Amino acid sequence: MIKLGPVKDNSPIEELSDHPIVTSLANQDLSVLEEEKFLIFPEQVSGSVDLNSDNFIFTQRNGTTRTCNVVGVLSDGHDELRICSRFSKITEEDYFLRYMLQKILNYNVVNKKLGASSEMSYYDLLVFLFPYYLKKALSKGVYKEYINKEYDDSNIKGSIEIARHIRNNVPYLGKVAYRTREFSYDNKITELVRHTIEKIQLEYEFLLLNEDTKNSIRSIKSVTNDYSRFNRQRVIQQNISSPVKHSYFTEYSALQRLCIQILNEDKTGFGSDEYKIHGIIIDVAWIWEAYIWKVTGWKHYGKPSNLETLNFFDNLGSDGQQHRYPDFEFDGTPIDTKYKRHLDKRNDYNQLATYIHLMSSSKGGFIQPSQDENGCQKLGDIAGFGGELFSYKFKVPQEYVDYDDFVKQIRVTEDELKDLNFY
């Protein structure tokens, strides 16, 4: 496989405008790719504040070809294309993305196996995401579905199978062959997950040592009594031919797609069978926000029920548009993460001014990654009721020897952010 030179997100890529990966995916919105079994992290476009169905991987308009606001790895079986963070140094490996992923997925970023290779492969990335998808799926409980079971005993409770009964029970000794349809936790999905766990434990066991992941693994192993490593291909084919479709089990649908790719180390994706494209697409703005939360532990706002909500009115009515969601609050100061070089002086400023007013705060700020700056910059004082706007630039290391050196440098930047006093 030929690895094309890495490209940056939200950047022109005229040199690749005619490449089949780009032309096949250009102007294809993410909701279509999600349906076509692309892996999109986090797993639902509809659940992302930063992505929507009108977002793309590539756009081709008016003779210009650009990447959009996602990163990831794409392959057509012949070539592999990496879209890296625009804030990373141009190399074969995006250490900034790699570090943020390992941080929010609770992996030890100085683990020798994680740092041994200068490059994370497509398959590595699949495996790294597995514990996250497993935990999300099990939040809905262990998957349960109707399965067909065959019995051969005297406790008849289903349809008698004449041919099998004659084959197994002549002369008659009191047993009857029959088939039932019953709810079971031991089914094609849980068996698929079990096979994936067994494969990862042989190759990347250190990824499964987190206590939450251990509990998830115990839950799966406790119900998969029919597991046999010799049944792997049969289980894979069952899952390929019967994808999870129920809307309640969206998380299991994503986990199913991930497990199939891990077990096949494979090429499922978008396009014709002759030239099928597969890939992992990552909402890097979501990663940036989750990473800052992991580093700081600040009060976090958002729509999920476990996060805080800011009311727009003192007395809420029945209208559903009465809440606002700054990313964070620290010492009464609203803070918004912005994965961008240049702020929108209309929408971004208006957004933060609203949060400052609703929180009765004297200031509010943005946190932006930067390649060359670090620290606070005052943007100005708001007219009227007042309030100061500022931006904090978080420097992403650009000069380093290897991944370990990158980690040492970015931890210095993290410490400076955690020690920050806005007053």
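Heads up: numbering here begins at 1 and tracks the sequence. Only a predicted model underlies this, so the values are computations on that prediction, with no experimental measurement involved.
Around the CZ atom of Arg218, the shell of radius 6.0 Å holds more than 12 heavy atoms that belong to other residues, nucleotides or ligands. Annotation for Lys340: atom NZ counts as buried by contact number, over 12 foreign heavy atoms lying within 6.0 Å.
Note that OG1 of Thr224 is 8.5 Å distant from NE2 of His195, once rounded to the nearest 0.5 Å. Interatomic distance, Arg257 CZ to Ile260 CD1, rounded to the nearest 0.5 Å: 9.5 Å. To the nearest 0.5 angstrom, Ile281 atom CD1 is 7.5 Å from Leu25 atom CG. Between Leu105 atom CG and Met100 atom CE the span is 11.5 Å, to the nearest 0.5 Å. Atom OG of Ser391 and atom CG of Leu352 lie 10.0 Å apart (nearest 0.5 Å). A distance of 10.5 Å separates CG in Leu74 from CZ in Arg82, rounded to the nearest 0.5 Å.
Here Lys418 pairs with Asp415 in a salt bridge; the nearest charged N to carboxylate O distance falls below 4.0 Å. Lys221 and Glu198 are joined by a salt bridge, as a carboxylate oxygen and a charged side-chain nitrogen come within less than 4.0 angstrom of each other. Salt bridge status for Glu416 with Lys393: absent, with no side-chain N to carboxylate O gap under 4.0 Å. Look at Glu203 and Lys199 and you find a salt bridge, because one of the NZ, NE, NH1 or NH2 atoms lies within 4.0 Å of a carboxylate O, short of that distance. Taking 4.0 Å as the cut-off between side-chain N and carboxylate O, Lys338 and Asp348 count as a salt-bridged pair.
Side-chain atoms of Glu191 and Asn231 include no donor-acceptor pair closer than 3.5 Å. When only modelled atom types and interatomic distance are considered, Lys294 and Asn106 share a side-chain donor-acceptor pair under 3.5 Å. Side chains of Thr190 and Arg194: a donor-acceptor N/O pair is absent below 3.5 angstrom, by distance only. A donor and an acceptor atom, one from each side chain of Tyr178 and Asp153, are located under 3.5 Å apart. No side-chain N or O of Tyr185 forms a donor-acceptor pair with one of Ser222 less than 3.5 Å apart. Neither side chain, Ser85 nor Asp94, offers a donor N or O lying under 3.5 Å from an acceptor on the other.
When all heavy atoms of Asn225 and Asp186 are compared, the closest pair comes out as N-OD2, 3.1 Å. Here the closest heavy-atom approach between residue Lys8 and residue Arg86 is recorded as NZ-O, 3.4 Å. Closest approach of Val70 and Leu30 over heavy atoms only: CG1-CD1, 4.2 Å. Smallest separation of non-hydrogen atoms from Ile220 and Leu138: CD1-CD2, 4.2 Å. Shown here for Ile21 and Asp79, the closest heavy-atom pair between the two residues is CD1-O, 3.7 Å. Asn169 approaches Ala177 most closely through the heavy-atom pair ND2-N, 3.6 Å.
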query: Does the side-chain contact (heavy atoms from CB on, under 4.5 Å) test come out yes or no for Leu125 and Leu101, once each step is laid out?
result: CA-CA 10 Å; Leu125 191 50; Leu101 279 172; 3.7 Å; yes
query: When you look at Lys395 and Gln409, which way does the side-chain contact (heavy atoms from CB on, under 4.5 Å) test go after all the steps?
result: CA-CA 10 Å; Lys395 186 175 181 180; Gln409 291 187 44; over 6 Å; no
message: Before you tell me yes or no, could you show the steps for Phe406 and Val396 under side-chain contact (heavy atoms from CB on, under 4.5 Å), namely the whole-Å CA-CA distance, both residues' side-chain angles and the distance that decides it to 0.1 Å?
response: CA-CA 9 Å; Phe406 176 90; Val396 179; 4.2 Å; yes
query: Could you go step by step and tell me if Ser88 and Leu97 meet the side-chain contact (heavy atoms from CB on, under 4.5 Å) rule?
result: CA-CA 8 Å; Ser88 292; Leu97 175 63; 5.6 Å; no
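Proximity of the aromatic rings of Phe41 and Trp286 is defined here by a centroid distance below 6.0 angstrom, and this criterion is met. If you look at Phe130 and Tyr204, their ring centroids are not closer than 6.0 Å.
Side-chain N or O atoms of Asn62 include none that pairs as donor or acceptor with a backbone N or O of Thr64 at under 3.5 Å. Between the Arg98 side chain and the Tyr403 main chain, no donor and acceptor come within less than 3.5 Å of each other. The backbone N or O of Gly332 lies less than 3.5 Å from a partner atom in the side chain of Ser361, making a donor-acceptor pair. With hydrogens and angles ignored, the 3.5 Å screen pairs a side-chain donor or acceptor of Asp402 with a backbone N or O of Asp405. In this structure, the side chain of Trp298 does not engage the main chain of Trp293 through any donor-acceptor pair within 3.5 Å. Asp327 places no side-chain N or O within 3.5 Å of a backbone atom of Ile335 that could act as its donor or acceptor partner. In terms of modelled atom types and a separation under 3.5 Å, the side chain of Asn27 and the main chain of Gln60 share a donor-acceptor contact. A donor-acceptor contact shorter than 3.5 Å links the side chain of Ser241 to the backbone of Gln238. Under a 3.5 Å cut-off, the side chain of Asp152 and the backbone N or O of Lys175 do not form any donor-acceptor pair. In this structure, Asn187 contributes its side chain and Ile189 its backbone to a donor-acceptor pair below 3.5 Å.
In this structure, the side chains of Thr337 and Phe366 stay at 4.5 Å or more apart for every pair of heavy atoms. Between Val176 and Tyr172, some side-chain heavy-atom pair lies under the 4.5 Å cut-off. In this structure the side chain of Glu289 reaches within 4.5 angstrom of the side chain of His300, judged on heavy atoms. Gln102 places none of its side-chain heavy atoms less than 4.5 Å from the side chain of Leu207. Side-chain contact between His78 and Pro20 is absent, with no heavy atoms from C-beta onward closer than 4.5 Å. Side-chain contact between Leu129 and Leu39 is absent, with no heavy-atom pair separated by less than 4.5 Å.
Shown are Trp288, Phe96, Phe87; of these, the ring pair (Phe, Tyr, Trp, His ring centres under 6.0 Å) with Phe394 is made only by Trp288. Considering Tyr143, Tyr132, Tyr133, Phe249 in turn, Tyr133 is the only one that fulfils the side chain to side chain contact (heavy atoms under 4.5 Å, CB included) rule with Leu255.
Annotation: cation-pi geometry not satisfied between Arg324 and Tyr301 (NZ/CZ under 6.0 angstrom from ring centroid, within 45° of ring axis). For Lys140 and Tyr252, the positive end is not near the middle of the six-membered ring at less than 6.0 Å and at most 45° from its axis.
Under the ring-ring contact (aromatic ring centres under 6.0 Å, His included) criterion, Tyr325 pairs with no residue at all, not counting sequence neighbours.
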